[in-house]
Amino acid sequence: MKAKVVTLDNKNAGEIALNEEIFGLPMRKDILHRVVNWQLAKRQSGNHCAKTRPEVRGGKKKPHKQKGTGQARQGSSVAPHMVGGGVAMGPRPRSHAQDLPKKIRKLGLKTALSAKLAAGKLFIIKDAKLTESKTSLLVKSLKLMGLKSVLIIDGEQVDVNFKNAASNIINVDVLPTIGANVYDILRRENLILTEEAVKKLEERLA
């Protein structure tokens, strides 16, 4: 499988061979759904917490005497039905992480890459480097390619100038190969890979 390679100025820079086992898989919405759910669940902090009845600070005595007040009898000022009292069955710190086999996670990334290529939303560039960390330079390059919402994946290290330039553009994200994931690929309309990123992804997913 061959794909066109261009420069940041959208000029032809030759072709690159893509591994069909990574970039030529059929669409599997069920796999993508499972992987995205796993990612979003894993990143939840799970530190939500409400104080239970024993944890509420303050006196645990009766708020008023048993009889003669005309009010309903109460046994404690920190009972759940009292204002400022403890919360019954409230949220407690816990992990939201789910189990997902490594094989499914890997298949999900392959499927996401294949889906972008099949939809004509995958672009491969020679490299992602700028001589200056100027946002205007990258904006001009993306405009030449006709892209607005895009995820750019580079090799092991992202060029500092390129990263700084991209940080000021809305709907443009930059990641190293190690950070490539299904959720970020799907949340942007287009995907740009450098030649080095293609090589590293094929090594990672082989």
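Basis for what follows: all heavy atoms, side chains included, without hydrogens, waters or symmetry-related copies. Residues take their numbers from the sequence shown, with the count starting at 1. Worth saying up front: this structure is predicted, and the values here are computed from it rather than measured.
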Donor-acceptor pairs under 3.5 angstrom involving side-chain atoms of residues 163-185: please list them, not counting sequence neighbours.
{"from": "Asn164", "atom 1": "ND2", "to": "Val160", "atom 2": "O", "distance (Å)": "3.4"}
{"from": "Ser167", "atom 1": "OG", "to": "Asn164", "atom 2": "O", "distance (Å)": "2.7"}
{"from": "Asn168", "atom 1": "ND2", "to": "Thr135", "atom 2": "OG1", "distance (Å)": "3.1"}
{"from": "Asn171", "atom 1": "OD1", "to": "Arg188", "atom 2": "NH1", "distance (Å)": "3.1"}
{"from": "Asp173", "atom 1": "OD2", "to": "Arg187", "atom 2": "NH1", "distance (Å)": "3.2"}
{"from": "Asp173", "atom 1": "OD2", "to": "Arg188", "atom 2": "NE", "distance (Å)": "2.8"}
{"from": "Asp173", "atom 1": "OD2", "to": "Arg188", "atom 2": "NH2", "distance (Å)": "3.2"}
{"from": "Thr177", "atom 1": "OG1", "to": "Asp154", "atom 2": "O", "distance (Å)": "2.5"}
{"from": "Thr177", "atom 1": "OG1", "to": "Gly155", "atom 2": "O", "distance (Å)": "3.2"}
{"from": "Asn181", "atom 1": "OD1", "to": "Gln39", "atom 2": "NE2", "distance (Å)": "3.0"}
{"from": "Asn181", "atom 1": "OD1", "to": "Tyr183", "atom 2": "N", "distance (Å)": "3.3"}
{"from": "Asn181", "atom 1": "OD1", "to": "Asp184", "atom 2": "N", "distance (Å)": "2.8"}
{"from": "Asn181", "atom 1": "ND2", "to": "Gly179", "atom 2": "O", "distance (Å)": "2.9"}
{"from": "Asn181", "atom 1": "ND2", "to": "Asp184", "atom 2": "OD2", "distance (Å)": "2.8"}

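With rounding to the nearest 0.5 Å, the separation of CG in Leu151 from NZ in Lys116 is 8.5 Å. Between the CD atom of Gln157 and the CD atom of Glu196 there is a distance of 9.0 Å, given to the nearest 0.5 Å. Between the CG atom of Leu122 and the CD1 atom of Ile153 there is a distance of 9.0 Å, given to the nearest 0.5 Å. In this structure, the separation between NZ on Lys42 and CG on Asp99 is 10.5 Å, given to the nearest 0.5 Å. To the nearest 0.5 Å, atoms CZ (Phe123) and OG1 (Thr194) are separated by 15.5 Å. Summarising the geometry, atom CG belonging to Leu25 is positioned 8.5 Å from atom CD1 belonging to Ile22; distances are rounded to the nearest 0.5 Å.
Put simply, the side chain of Arg92 gets close to the backbone of Ala50: a donor and an acceptor are under 3.5 Å apart. Of the possible polar contacts, none joining the Asn12 side chain to the Val6 backbone as a donor-acceptor pair under 3.5 Å is found. Arg105 places a side-chain N or O within 3.5 Å of a backbone atom of Leu100 that can act as its donor or acceptor partner. Of the possible donor and acceptor atoms, none in the side chain of Thr111 sits under 3.5 Å from a partner among the backbone N and O of Pro26. In this structure, Trp38 contributes its side chain and Gln98 its backbone to a donor-acceptor pair below 3.5 Å. Side chain of Glu55 to backbone of Thr52: a donor-acceptor contact under 3.5 angstrom is found.
The neighbour count for His64 NE2, taken as heavy atoms of other residues, nucleotides or ligands under 6.0 Å away, is above 12. Crowding of Glu156 atom CD: a count of heavy atoms from other residues, nucleotides or ligands under 6.0 Å not exceeding 12.
The shortest distance between side-chain heavy atoms of Ile152 and Val150 falls below 4.5 Å. Within the 4.5 Å cutoff, the side chain of Arg94 has heavy atoms near those of the His48 side chain. Between Glu195 and Lys199 there is no side-chain heavy-atom pair separated by less than 4.5 Å. Looking at Pro80 and Arg53, their side chains come closer than 4.5 Å, going by heavy atoms from C-beta outward. In this structure, the side chains of Leu130 and Leu8 come closer than 4.5 Å at one or more pairs of heavy atoms. Considering only heavy atoms from C-beta on, Asp127 stays 4.5 Å or farther from Asp159 through its side chain. Inter-residue side-chain proximity for Ile124 and Ile192 is flagged as unmet; no heavy-atom pair is nearer than 4.5 Å. Put simply, the side chain of Ile104 reaches to within 4.5 Å of the side chain of Arg34, judged on heavy atoms.
A single hydrophobic cluster is not seen to contain both Leu144 and Leu147; linkage of ILVMFWY side chains at heavy-atom distances under 4.5 Å, directly or through other members, places them apart. One hydrophobic cluster holds both Val36 and Leu205 under the rule that ILVMFWY side chains link at heavy-atom gaps under 4.5 Å. Leu113 and Ile125 are assigned to two separate hydrophobic clusters, defined by single-linkage of ILVMFWY side chains at heavy-atom distances under 4.5 Å. Side-chain heavy atoms closer than 4.5 Å link hydrophobic residues (I, L, V, M, F, W, Y) into clusters, and following such links, even through other members, never connects Leu191 to Leu138. Leu117 and Ile31 fall within the same hydrophobic cluster, where Ile, Leu, Val, Met, Phe, Trp and Tyr residues are linked whenever their side-chain heavy atoms come under 4.5 Å apart, directly or through other members.
Each of Lys62, His81, Gln66 was scored for a side chain to side chain donor-acceptor pair (under 3.5 Å) with Gln74, with one residue passing: His81.
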Yes or no on side chain to side chain contact (heavy atoms under 4.5 Å, CB included) for Asn161 and Lys129, after CA distance, side-chain angles and deciding distance?
-> CA-CA 7 Å; Asn161 288 339; Lys129 291 181 175 150; over 6 Å; no
Verdict with supporting geometry, Lys65 and Lys67, side chain to side chain contact (heavy atoms under 4.5 Å, CB included) | CA-CA 6 Å; Lys65 64 181 183 177; Lys67 296 183 178 182; over 6 Å; no
Take Arg204 and Leu109, measure what side chain to side chain contact (heavy atoms under 4.5 Å, CB included) needs, and give me the verdict at the end.
-> CA-CA 11 Å; Arg204 172 180 166 185; Leu109 187 51; 3.7 Å; yes
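Salt bridge Glu15/Lys4: absent, no basic N to carboxylate O contact under 4.0 Å. Salt bridge present: Glu189 and Lys121 bring a charged side-chain N and a carboxylate O closer than 4.0 Å. Taking 4.0 Å as the cut-off between side-chain N and carboxylate O, Asp30 and Arg28 count as a salt-bridged pair.
Between the side chains of Asn47 and Ser45, at least one donor N or O lies within less than 3.5 Å of an accepting N or O.
Between Pro63 and Gly75, the shortest heavy-atom contact is CD-C, 4.3 Å. Across Ala13 and Thr7, no two heavy atoms sit closer than the pair CB-CG2, 4.0 Å. Here the closest heavy-atom approach between residue Leu186 and residue Ala112 is recorded as CD2-CB, 4.4 Å.
The hydrophobic cluster of Met82 has no other members, since no ILVMFWY side-chain heavy atom comes under 4.5 Å of it.
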